[in-house]
2 protein chains.
Amino acid sequence: MARTTGPRNLHGQVVQELGQMIVGGSLAPGEPLPREEALATRMAVSRTVLREALKVLAAKGLIETRQKTGMRVRETRFWNQLDADVLAWRCAAMPTDDFVDKLVEMREIVEPAAAAAAARRRDDAQLAEVAAAYQAMDEAMDLDAWAEADVRFHEAVLRATNNELLGSLFSVIQTALATYFLMSARTTANFRYSLPQHHAVYDAIRRRRPNAAADAMRGLISASRDTLKTRRAEKP
Amino acid sequence: MARTTGPRNLHGQVVQELGQMIVGGSLAPGEPLPREEALATRMAVSRTVLREALKVLAAKGLIETRQKTGMRVRETRFWNQLDADVLAWRCAAMPTDDFVDKLVEMREIVEPAAAAAAARRRDDAQLAEVAAAYQAMDEAMDLDAWAEADVRFHEAVLRATNNELLGSLFSVIQTALATYFLMSARTTANFRYSLPQHHAVYDAIRRRRPNAAADAMRGLISASRDTLKTRRAEKP
DNA sequence: ATAAATGATTTGTATGACAAATGACCCTGA
DNA sequence: TCAGGGTCATTTGTCATACAAATCATTTAT
């Protein structure tokens with residue numbers, strides 16, 4: 001959501017440009033970057049702005065700086081892979097099936113567990129939010145409304161776990177996956193096909209059945225993964 | 001590992017100081033921060049350094065800045081909860097059982113799934129690394145060596161999943177939990193008690209049995225959680 | 001040959017100035 | 001009285017310059 005409009009600040013643009021280069025592979029790990037002054041002039045910004053951007057990239061683990069030595073791209077194992085920006089840059093740079101599979105695998109791990117936790121610990125207000133989201137899905141007339149209610153549903157489930165770490169993880173993964181989804185978004189005639197599975201998740205959470213909730217969520221995700229795969233197959 | 005020595009850069013210190021204040025609650029969400037110049041003089045740094053720190057905090061989702069309006073602390077749901085620094089600051093600020101439970105829950109979700117994935121997809125070299133780490137645990141004579149081999153073991157399992165997102169998530173969680181562990185670290189006479197459970201994990205991965213690997217890992221974690229709880233109980 | 005001193009290069013920090021954005025206020029007109 | 005627009009003041013955003021600190025490479029002294 002922060003990246004929808006793109007950053008208007010200069011240092012934001014620089015962060016994005018350099019970040020995409022690094023994550024995209026134009027700048028290989030271990031490779032030294034040009035001196036600050038050279039980079040600044042090459043990107044047509046002041047050294048001040050460039051440095052603010054570099055500090056952000058360093059905070060994301062992408063680069064490291066040392067006096068006299070200069071700056072180097074760090075190895076990928078040091079990157080903050082779960083940072084929203086890093087993830088977005090990877091999505092932009094490597095729209096490979098391989099990476100999508102990794103994202104989907106994360107969802108398959110997190111969401112069933114989250115549903116189970118929600119079934120165990122949800123309070124009535126949180127259940128009501130899940131119910132409201134489900135109802136909104138049921139009443140959705142077009143794809144946009146349905147998609148929006150869908151996110152609301154999953155977010156409501158995540159909130160019901162009372163573990164904001166889970167919620168944060170989900171939202172990051174979900175945002176990354178959304179970039180692929182939007183790429184191939186089209187009005188699908190039968191977008192409501194997964195409604196009963198959503199109901200199963202809701203019902204299990206309502207009845208406080210962790211295992212049932214996890215199973216239902218697994219079914220839900222595997223279904224959505226299948227549609228994702230067919231869409232990807234359609235693309236070429 | 002990046003935070004072991006503490007940052008000796010000025011902006012690093014400022015990031016840490018302000019970050020701890022925000023995450024610790026001294027600066028409530030929605031609350032406006034002083035003007036840059038005022039903050040800079042109050043912290044005895046130049047505006048340049050302060051701004052570099054502020055950009056980093058903004059990248060972590062902790063604050064937002066707008067011209068004329070100034071800076072405000074963002075609501076907690078916008079924070080990068082999975083950022084290593086944010087997590088560390090939370091650990092420092094709220095050493096409550098509640099938060100430890102959330103971290104442990106993340107491990108309980110991620111690691112069994114990772115073990116299963118490793119059992120499915122590991123290659124021989126990755127299995128060898130797991131085996132080597134296990135052997136190092138077996139040969140460990142003191143607590144330090146054992147602890148180091150323990151991390152190596154879990155990291156080897158995570159690497160064997162071929163999903164670096166999983167690895168990144170684990171390492172962040174593990175680092176956060178380690179702060180609590182170190183706090184109450186003492187030489188425990190029977191630190192080797194979980195060796196057979198580690199062997200069970202290794203064996204299941206070797207035999208490519210995902211379900212068995214997940215189960216073994218669950219046992220392993222629940223055991224370590226119990227010791228964590230007893231240690232916490234001992235503290236007061 | 002080894003170790004210490006020196007120099008050069010790059011990032012780190014400080015300062016001052018101006019541009020851009022935007023909320024607040026005032027001023028006008030119906 | 002209220003609506004609309006325009007001006008002003010304040011705060012962040014950007015730029016330029018100068019110097020400090022660290023450290024690699026070279027040189028020099030023992």
Side-chain angles (χ1 to χ4, degrees), chain A residues 2-19 21-22 27 29-75 78 85, chain B residues 2-19 21-22 27 29-75 78 85:
Chain A
R3 285 288 163 281
T4 46
T5 67
R8 236 173 320 311
N9 294 339
L10 250 187
H11 49 259
Q13 292 174 241
V14 175
V15 165
Q16 198 155 339
E17 194 165 340
L18 288 177
M21 276 190 185
I22 294 173
L27 299 169
E31 194 171 338
L33 276 68
R35 306 190 352 250
E36 286 184 350
E37 237 174 314
L39 239 184
T41 59
R42 214 184 68 181
M43 309 194 80
V45 297
S46 70
R47 202 183 148 212
T48 310
V49 166
L50 177 70
R51 276 183 60 83
E52 288 177 2
L54 291 175
K55 289 306 150 195
V56 171
L57 292 175
K60 294 181 189 302
L62 297 186
I63 62 175
E64 66 183 344
T65 70
R66 276 173 55 194
Q67 284 177 189
K68 167 74 178 177
T69 311
M71 306 173 287
R72 310 182 83 85
V73 178
R74 298 188 78 184
E75 307 210 4
F78 294 119
D85 289 324
Chain B
R3 287 285 163 283
T4 45
T5 68
R8 61 194 165 297
N9 293 338
L10 250 187
H11 50 258
Q13 291 175 240
V14 175
V15 165
Q16 198 155 337
E17 192 165 341
L18 289 177
M21 276 190 186
I22 294 174
L27 298 169
E31 195 172 336
L33 276 69
R35 305 189 352 249
E36 286 184 349
E37 236 171 313
L39 239 185
T41 59
R42 213 184 68 181
M43 308 194 80
V45 296
S46 70
R47 202 183 149 213
T48 309
V49 165
L50 177 69
R51 277 183 59 83
E52 288 177 2
L54 291 175
K55 289 306 151 195
V56 171
L57 292 174
K60 294 182 189 302
L62 296 186
I63 63 175
E64 65 184 344
T65 70
R66 277 173 55 192
Q67 285 177 186
K68 165 75 178 179
T69 309
M71 307 173 288
R72 308 183 85 85
V73 178
R74 297 189 78 185
E75 307 208 6
F78 294 119
D85 290 323

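Labels below follow one simple rule: chain letters A, B, ... track the order of the sequence lines, proteins then strands, and each chain is numbered from 1. These values consider heavy atoms only, across backbone and side chains, with no hydrogens, waters or symmetry-generated copies.
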Look at the side-chain N and O atoms of [X] and state whether any lies under 4.0 Å from the OP1 or OP2 oxygen of [N].
X       : N      : answer
B:Ser46 : C:dT13 : no
A:Arg66 : C:dT11 : no
A:Thr69 : D:dA22 : no

To check you understand the geometry: which heavy-atom pair defines the closest contact between [X] and [Y], and what is its length?
X       : Y       : result
A:Gly19 : A:Leu62 : CA-CD1, 4.4 Å
A:Arg72 : A:Gly30 : NH2-O, 3.0 Å
B:Leu50 : B:Ala40 : CD2-N, 3.7 Å

Quick one: [X] [atom1] to [N] [atom2], roughly how many Å, whole number?
X       : N      : atom1 : atom2 : answer
B:Lys55 : D:dT14 : NZ    : C1'   : 11 Å
B:Asn9  : C:dT10 : CG    : P     : 18 Å
B:Leu10 : C:dA14 : CG    : C1'   : 11 Å
B:Leu54 : D:dT11 : CG    : C1'   : 13 Å
A:His11 : D:dC15 : NE2   : C1'   : 14 Å
B:Glu36 : D:dT12 : CD    : P     : 5 Å
A:Arg51 : D:dA16 : CZ    : P     : 16 Å
A:Lys68 : D:dT23 : NZ    : P     : 12 Å

Legend entry - Check: B:Thr48 side chain, C:dT15 base, donor-acceptor under 3.5 Å: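 Indeed there is one.
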Legend entry - No-H, no-angle donor-acceptor pair, B:Arg47 side chain to D:dG13 base, under 3.5 Å: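 Yes, a donor-acceptor pair under 3.5 Å.
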Legend entry - Heavy-atom side-chain proximity of A:Arg51 to B:Thr48 below 4.5 angstrom: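 No - every pair of side-chain heavy atoms lies 4.5 Å or more apart.
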Inset, instruction - Return the angle between end axes of the helix from C:dA1-D:dT30 to C:dA30-D:dT1, with five pairs used per end and rounding to 10°. - result: 10°
Legend entry - Selected nucleotide, minimal atom distance to B:Gln67 side chain, candidates C:dA14, D:dT11, D:dT14: D:dT11
Legend entry - Minimum-distance nucleotide to A:Met71 side chain [options: C:dT11, C:dG23, C:dT10]: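 Given the options C:dT11, C:dG23, C:dT10, the side chain of A:Met71 is closest to C:dT11.
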